[in-house]
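Let me begin by presenting the structure, written as structure tokens, before commenting on it.
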Amino acid sequence: MRVLVVMVLAAASAAAASPDLKRIDMAAPNAASELNNLGSQYYFQARYAEAEEMFRLALKAWSRRGDPAPDMALTMGNLGTLFRVTGRYAEAEPLLLEAIHRLEAASNVQPASVGRALDNLAEVYRAQGDFAKAEACALRAAADPNQPVILASIYADQRRFAEAEPILRGALPEAPPRLSVTIYNDLATIAIARGQMDEAERNALEAVERARRTLPSNHPTLAATLNNLAQVYRFQGRYLDAEQLYREAIDIWEAALGPEHPDLARGLMNLAAFYHERERETGAEDLYLRAAAIFERVFGRNDPRTLVSRNELADVLRGERRYTESEKLGRSTLAALERVLGADDPRVVRAQMNQSRLAEETKALRKTQPSR
């Protein structure tokens, strides 16, 4: 309850300016439900700041009515989901845990409501890289009649494609439009990782088309589909198309989620890699620096995402012939990655390749220099 009290008292005055809010009688018995529904409407429109205010006001209204379960728990879950989507994981986790506890304790709650809260908690852990917790939550959610798509996404992140793909394809025929976007996008991700570019392009195009048809133009999920299609075009050598889509995705993520969100950082990483491959090193350097700063603020200095972005930056410095800086940064990040991930992790192997490339270049350079 302590989290709830803090949350309720934090409702900002900006919500009072909402024209939709003025239509709600705050003294009416159904005020909390209407506020929650309005918050959900804003959430699906990717109007996250407005949605947050409505959910907070709904919680305040529920509290005035004596904390009616499970209605208040559903609103708590909605606010926790919003925090998850906007990258506020430390706020999302306790709120979702409390919502799940209340929903499971209630006698008149549909299993799907608990499943949705569990799925969102799984997404919190997935975003933080804790796949054991993420999988445990997703498995609990998948035991309900919901489509276990989050579980498949967690498997895909771990390159457990043989487990992920059947779940996604099995869920597709009955999936509602918005969920089908995620499924096609995940299938595209899997195909990209396997190097099956024709299959990846088909799924990525389907995801983009469905996203444009069913989602607002500023929705983060649309950005994810555009980013995947950009990846496909990059690997197919369609560079102008790839760059345009990367930039569109980045613009959407930044507008919808702000300049400090890890999804934005991942988009910046992909565009940086594209620039690096095209020997546009100055642009790549700026993007890797920005991505690394975001990852460090959100996840910490020794998180693999932070270390990988900085190691890729070291390779850009090599491309700029800034060998001393490259060697120092590359060596330190490689050692940290080995400690965090172990020597066999693909990210460590890539960092080792970067360091080997640097060593070969500097060795060749020394051979061309006249001896003194």
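When reading the values below, keep in mind they use all heavy atoms of this one structure, side chains included, and skip hydrogens, waters and symmetry mates. Count residues from 1 along the sequence. Since the structure is predicted, the reported quantities are computational estimates derived from the model, not experimental observations.
- No continuous path of hydrophobic side-chain contacts links V349 to L341 [ILVMFWY only; heavy atoms under 4.5 Å].
- The backbone N or O of V181 lies less than 3.5 Å from no partner atom in the side chain of N185, so there is not a single donor-acceptor pair.
- When all heavy atoms are compared, the tightest approach of I252 to H219 is CG2-O, 3.4 Å.
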Under the criterion salt bridge (Lys or Arg N to Asp or Glu O under 4.0 Å), I'd like the reasoning laid out for R140 against E104: C-alpha separation, chi angles, the key distance, then a yes or no.
CA-CA 12 Å; R140 285 175 62 193; E104 288 181 329; 2.5 Å; yes
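- Between R318 and D315 there is a salt bridge, since a side-chain N of the basic residue sits under 4.0 Å from a carboxylate O of the acidic one.
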Test side-chain contact (heavy atoms from CB on, under 4.5 Å) applied to V298 and Y89, step by step
CA-CA 9 Å; V298 176; Y89 307 121; 4.1 Å; yes
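- The shortest heavy-atom contact between A223 and A249 is O-CB, 3.3 Å.
- You'll find the side chain of S33 reaches within 4.5 Å of the side chain of W62, heavy atoms only.
- Counting only heavy atoms from C-beta outward, the side chains of F299 and P304 never approach each other to under 4.5 Å.
- Remark: S326 OG to R331 CZ distance equals 11.0 Å, nearest 0.5 Å.
- Using modelled atom types, no side-chain atom of S113 and backbone atom of V109 make a donor-acceptor pair closer than 3.5 Å.
- Cation-pi geometry between R210 and Y184 is not met: the NZ or CZ atom fails to fall both under 6.0 Å from the ring centre and inside 45° of the normal.
- Taken to the nearest 0.5 Å, the CE atom of M72 stands 11.5 Å off from the CG atom of L74.
- With 3.5 Å as the limit, one finds no donor-acceptor pair spanning the side chains of H276 and E312.
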Set out, in order, the CA-CA distance, both residues' side-chain angles and the distance that settles salt bridge (Lys or Arg N to Asp or Glu O under 4.0 Å) for R266 and D263, then state yes or no.
CA-CA 5 Å; R266 281 186 280 272; D263 286 354; 2.3 Å; yes
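- Y275 and E281 form no side-chain donor-acceptor contact under 3.5 Å, judged by distance and modelled atom types alone.
- Within a 6.0 Å sphere centred on CD of Q196, other residues, nucleotides and ligands contribute more than 12 heavy atoms.
- The closest side-chain heavy-atom distance from P166 to Y155 is not below 4.5 Å.
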Please test L264 against R290 for side-chain contact (heavy atoms from CB on, under 4.5 Å), starting from the C-alpha separation and ending with a verdict.
CA-CA 10 Å; L264 171 63; R290 189 176 169 197; 3.7 Å; yes
Assess whether side-chain contact (heavy atoms from CB on, under 4.5 Å) is satisfied between E243 and R280, documenting all intermediate values.
CA-CA 12 Å; E243 182 171 0; R280 296 165 61 178; 3.0 Å; yes
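- Between the side chains of E52 and Y43, no donor-acceptor pair is found at a separation under 3.5 Å.
- From E260, atom CD reaches atom CZ of R88 across 13.5 Å, with rounding to the nearest 0.5 Å.
- Put simply, the side chain of S180 gets close to the backbone of P177: a donor and an acceptor are under 3.5 Å apart.
- Under 3.5 Å, the side chains of N36 and T75 contain a donor-acceptor pair of N or O atoms.
- Hydrophobic clustering of Ile, Leu, Val, Met, Phe, Trp and Tyr side chains at less than 4.5 Å, counting indirect connections, keeps V85 apart from L215.
- For R56 and E53, the salt-bridge test fails: no basic side-chain N is under 4.0 Å from an acidic carboxylate O.
- The two atoms that bring I154 and A134 nearest to each other are CD1-O, 3.5 Å, heavy atoms only.
- When only modelled atom types and interatomic distance are considered, Q231 and Y246 share a side-chain donor-acceptor pair under 3.5 Å.
- A distance-only check finds a donor-acceptor pair linking the side chain of T86 to the backbone of L82 [under 3.5 Å].
- With hydrogens and angles disregarded, no donor-acceptor distance shorter than 3.5 Å links the side chain of Q355 to the backbone of A351.
- Heavy atoms of other residues, nucleotides or ligands lying less than 6.0 angstrom from CZ of R159 number 12 at most.
- The side chain to side chain donor-acceptor pair (under 3.5 Å) check on N311 picks up T333, N354, with sequence neighbours excluded.
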Show your reasoning for whether salt bridge (Lys or Arg N to Asp or Glu O under 4.0 Å) applies to R357 and E360.
CA-CA 5 Å; R357 187 161 46 245; E360 290 171 5; over 6 Å; no
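- For the pair L57/M54, a side-chain contact is recorded, criterion being any heavy-atom separation below 4.5 Å from C-beta on.
- Judged by distance alone, with hydrogens and angles left aside, the side-chain atoms of R297 form no donor-acceptor pair with the main-chain N or O of A292 at under 3.5 Å.
- Considering every non-hydrogen atom in both A204 and V232, the closest pair reads CB-CG2, 4.4 Å.
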Run the side-chain hydrogen bond (donor to acceptor under 3.5 Å, both in side chains) check on Q244 and Y233 step by step: do they pass?
CA-CA 10 Å; Q244 179 181 346; Y233 287 161; over 6 Å; no
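- A continuous path of ILVMFWY side-chain contacts below 4.5 Å connects F295 to V340, so both sit in one hydrophobic cluster.
- When the side chains of ILVMFWY residues are joined at heavy-atom separations under 4.5 Å, either directly or via intervening members, M197 and L187 end up in two distinct hydrophobic clusters.
- Side chain of D130 to backbone of K133: a donor-acceptor contact under 3.5 angstrom is found.
- A donor-acceptor pair under 3.5 Å links the side-chain atoms of H261 to the main chain of G87, judged by distance alone.
- By the 4.5 Å heavy-atom criterion applied to side chains, E327 and T362 are not counted as neighbours.
- In this structure, L97 is a member of the same hydrophobic cluster as L59, with clusters built from ILVMFWY side-chain heavy atoms closer than 4.5 Å.
- Between E285 and R322 the shortest side-chain heavy-atom distance falls below 4.5 Å.
- T225 pairs in a side-chain contact (heavy atoms from CB on, under 4.5 Å) with only one of the listed residues (N227, L222, N228), which is L222.
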Checking T182 against R178 for the side-chain contact (heavy atoms from CB on, under 4.5 Å) test, could you report, in this order, the C-alpha distance in whole Å, the side-chain angles of both residues, the deciding distance, and whether it holds?
CA-CA 7 Å; T182 298; R178 288 182 179 236; over 6 Å; no
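- Judged purely by atom type and a 3.5 angstrom limit, T81 uses its side chain to pair as donor or acceptor with the backbone of G77.
- Heavy atoms only, all atoms of each residue included: V348 and L334 are closest at O-CD1, 4.0 Å.
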What's the verdict on salt bridge (Lys or Arg N to Asp or Glu O under 4.0 Å) for E165 and R160, showing C-alpha distance, side-chain angles and the deciding distance?
CA-CA 9 Å; E165 189 172 10; R160 295 163 61 180; over 6 Å; no
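- Between Q158 and E163, the closest side-chain pair of non-hydrogen atoms is not below 4.5 Å.
- Between E201 and I192 there is no side-chain heavy-atom pair separated by less than 4.5 Å.
- Separation of atoms CG (L287) and CZ (F274) is listed at 11.5 Å; rounding is to 0.5 Å.
- Counted by atom type alone, N203 and E199 present one or more donor-acceptor pairs between their side chains at under 3.5 Å.
- Separating the CG atom in L313 from the CZ atom in R310 is a distance of 7.0 Å, to the nearest 0.5 Å.
- A pairwise comparison of heavy atoms in A291 and S309 identifies C-OG, 4.5 Å as the closest pair.
- Legend: residues meeting side-chain contact (heavy atoms from CB on, under 4.5 Å) with E277, ordered by chain and number and at least two apart, are R234.
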